[in-house]
Amino acid sequence: MDVSLILKVAGVGILVSVAASILNKSGRDEQALYVTVAGIIVVMLMLVGELSELIDTLRSVFGI
């Protein structure tokens, strides 16, 4: 795992929180919820690649 992944997740979190805050203050609560859910999905998709790499490493270490 690299530090760049942590920075990417933090960047997505900051962008999502700013966008959701702006949308909430302008009275668009539903769009703010959609932005938040989309941010969570983006982060989960970024983590899927890392998890598959971790599983491959564990398989090679334990000879499974």
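- Among Asp56, Leu54, Val61, the single residue meeting the side-chain contact (heavy atoms from CB on, under 4.5 Å) criterion with Leu58 is Leu54.
- Side-chain contact between Leu23 and Asp29 is absent, with no heavy atoms from C-beta onward closer than 4.5 Å.
- From Asn24, atom CG reaches atom CD of Gln31 across 10.0 Å, with rounding to the nearest 0.5 Å.
- Between atom CE of residue Met46 and atom CG of residue Leu5 there is a gap of 5.5 Å, rounded to the nearest 0.5 Å.
- Taken to the nearest 0.5 Å, the CD1 atom of Ile55 stands 12.0 Å off from the CD atom of Glu50.
- Taking both residues in full, the closest heavy atoms of Val12 and Gly39 are given as CG1-O, 4.0 Å, listed atom of the first, atom of the second, then distance.
- Criterion: ILVMFWY side-chain heavy atoms under 4.5 Å apart, direct or through other members. Under it, Val42 and Leu47 are part of a common hydrophobic cluster.
- A donor-acceptor pair is defined here as one N or O able to donate and one able to accept, closer than 3.5 Å; no such pair exists between the side chain of Ser21 and the backbone of Ser17.
- Nearest heavy-atom pair across Ala32 and Ala20 is CB-O, 3.7 Å.
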